[in-house]
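Okay, so here's the structure we're looking at.
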2 protein chains.
Amino acid sequence: MPDALNPAQLRTYFALMEAVSLLQYAVRQQLQADGGLSYVQFEILAKLADADHPLTMTDLADGVVYSRSGLTHQAGLLEKEGLITRAPSPDDQRATVVEITEKGRTRVAEVLPGHVEVVRALLFDSLDADEVRALGDMMENARDHMRSRPPRSAAPRKRRAGAGA
Amino acid sequence: MPDALNPAQLRTYFALMEAVSLLQYAVRQQLQADGGLSYVQFEILAKLADADHPLTMTDLADGVVYSRSGLTHQAGLLEKEGLITRAPSPDDQRATVVEITEKGRTRVAEVLPGHVEVVRALLFDSLDADEVRALGDMMENARDHMRSRPPRSAAPRKRRAGAGA
DNA sequence: TATTGTTATACTCTATAACTATA
DNA sequence: TATAGTTATAGAGTATAACAATA
């Protein structure tokens with residue numbers, strides 16, 4: 001098991017992290033400016049708009065956020081703005097059923113064109129069709145690989161908490 | 001100018017964002033667990049460890065963080081832990097010269113193996129050498145493209161601030 | 001007992017604006 | 001006047017732990 005990255009891997013890692021950071025930053029700016037939405041809020045709304053049936057909080061949590069309380073917080077903000085509704089599920093009284101409102105759909109529609117434009121201008125302007133396909137294949141593989149390999153493996157190595165001194 | 005993304009682009013965009021989000025999450029976990037460092041702090045230390053001459057705050061700000069005060073804050077934390085030193089520059093009395101300490105280098109050395117291992121296991125396990133090269137080329141192009149194209153273009157479209165209703 | 005979800009709380013990161021000091 | 005950096009402050013996002021209610 002090789003304990004280091006070769007130069008090509010290092011170069012790729014840094015370029016990937018930096019490029020995506022720049023993209024994320026631009027996307028967050030756009031969503032905030034055009035619709036007052038954080039990226040997570042946009043993800044929640046987009047997921048709800050895409051689904052043909054209402055989703056539970058657990059459904060939404062999958063892949064969107066890493067803690068339940070974080071999702072509850074974000075959902076609370078979206079509900080306060082009238083972009084989603086929350087109601088107890090008829091099937092399972094423990095579950096909460098989340099639906100997007102018309103106002104929520106409108107907000108997504110307001111934000112989407114600018115979003116698409118940013119992604120196109122920043123990411124896809126410099127990639128041809130073949131590259132887009134290759135990149136998509138690689139990232140789907142990587143994503144599936146990471147999903148199936150929970151990071152808990154590398155968790156408890158050394159603890160370090162307060163000011164070191 | 002096409003106002004939408006084609007299906008291949010959409011698929012690639014989402015896969016890229018999700019894969020990198022998972023990677024970032026795992027990397028942050030590892031850095032925190034192994035060295036009590038945020039990713040930005042690790043970037044600062046790595047940049048200093050890599051440079052053969054001391055850097056100014058402005059040097060560090062390039063590409064690491066998006067506001068000066070944020071960098072000042074992070075540098076303050078690192079200094080408090082004894083991982084870096086800050087001193088007025090002899091050349092330009094306005095500037096601050098930042099140097100990594102031995103303790104800082106040690107911390108980087110402690111964190112690096114686990115970091116590399118996470119990146120290798122999560123990202124490069126599913127990519128062969130050709131893919132690594134292709135991904136690196138694409139991401140370097142995209143990064144340079146984004147750097148040269150400041151996102152301010154899409155900034156002022158619509159304002160939306162407080163609670164909507 | 002396990003699961004769903006919320007609440008309370010605390011902490012980190014980031015950004016804005018005001019300010020000092022030097023070029 | 002422009003630049004380098006800090007400070008104070010405020011806000012958003014996220015996580016942990018305790019809790020309530022249902023399966």
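Naming convention: chains lettered A, B, ... in sequence-line order (proteins, then strands); numbering from 1 in each chain.
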Original post:
Can you find a heavy atom in the side chain of R143(A) that is under 4.5 Å from one in the side chain of L16(B)?
Top reply: no
**OP:** For R28(A), answer base if it contacts any base atom (sugar-phosphate contacts may also be present), sugar-phosphate if it contacts only those atoms, and nothing otherwise; contact means non-hydrogen atoms under 4.0 Å.
**Re:** nothing
Original post:
For the side chain of Y66(B), counting heavy atoms from C-beta on, which of dG5(D), dA15(C), dG5(C) is nearest?
Top reply: dA15(C)
**OP:** Check the distance between dA15(C)'s C1' and H73(B)'s NE2 and give it to me in whole angstrom.
**Re:** 12 Å
Original post:
Atom CG of L60(A) to atom P of dT6(C): distance rounded to whole Å?
Top reply: 10 Å
**OP:** Tell me whether the centres of the aromatic rings in H115(A) and Y13(B) are closer together than 6.0 Å.
**Re:** yes
Subject >> Ionic contact status for R11(B) with D137(A), cut-off 4.0 Å >> reply: yes
Subject >> Earlier contact from the 5' end, DNA chain C, for A95(A) and D91(B) >> reply: A95(A)
**OP:** Could you please name the option among dT14(D), dA23(D), dG5(C) that lies closest to any side-chain atom of R68(A)?
**Re:** dG5(C)
Original post:
Is the phosphate of dT12(C), meaning OP1 or OP2, less than 4.0 Å from a side-chain N or O of Y39(B)?
Top reply: no
Subject >> Whole angstrom value for the distance that separates C1' of dA2(C) from CG of D92(A) >> reply: 12 Å
Original post:
T96(A) near the nucleic acid: base, sugar-phosphate alone, or nothing, with a heavy-atom cut-off under 4.0 Å?
Top reply: sugar-phosphate
Original post:
What distance separates L45(B) CG from L83(B) CG, expressed to the nearest 0.5 Å?
Top reply: 5.5 Å
**OP:** Ignoring the backbone of S69(B), work out which of dT14(D), dA17(C), dA8(C) is nearest its side chain.
**Re:** dA17(C)
Original post:
Contact class for T56(A) (heavy atom, under 4.0 Å): base, sugar-phosphate, or nothing?
Top reply: sugar-phosphate
Original post:
Whole-Å distance between dA4(D) C1' and D62(B) CG?
Top reply: 13 Å
Subject >> Integer-rounded Å distance: dG5(D) P and Q74(B) CD >> reply: 16 Å
Original post:
Any side-chain donor paired with an acceptor under 3.5 Å for D92(B) and S89(B)?
Top reply: no
**OP:** Starting at atom CG of L78(A), determine the distance to atom P of dA12(D), rounded to an integer number of angstrom.
**Re:** 13 Å
**OP:** Could you say whether S38(A) or P90(A) is positioned toward the 5' end of DNA chain D, judged by the nucleotide with the nearest heavy atom to each?
**Re:** S38(A)
Subject >> Side chain of Q93(A) - closest among dG13(D), dA23(D), dT14(C) >> reply: dA23(D)
Original post:
To the nearest Å, how far apart are R86(B) CZ and dA4(D) P?
Top reply: 17 Å
Subject >> Base dT3(D) paired with T58(B) side chain (donor-acceptor, <3.5 Å) >> reply: no
**OP:** Measure from NZ on K80(B) to C1' on dT6(D) and round the result to the nearest Å.
**Re:** 14 Å
**OP:** Check every atom of dT22(C), dG13(D), dA21(D) against the side chain of R94(A) and return the nucleotide holding the closest atom.
**Re:** dA21(D)
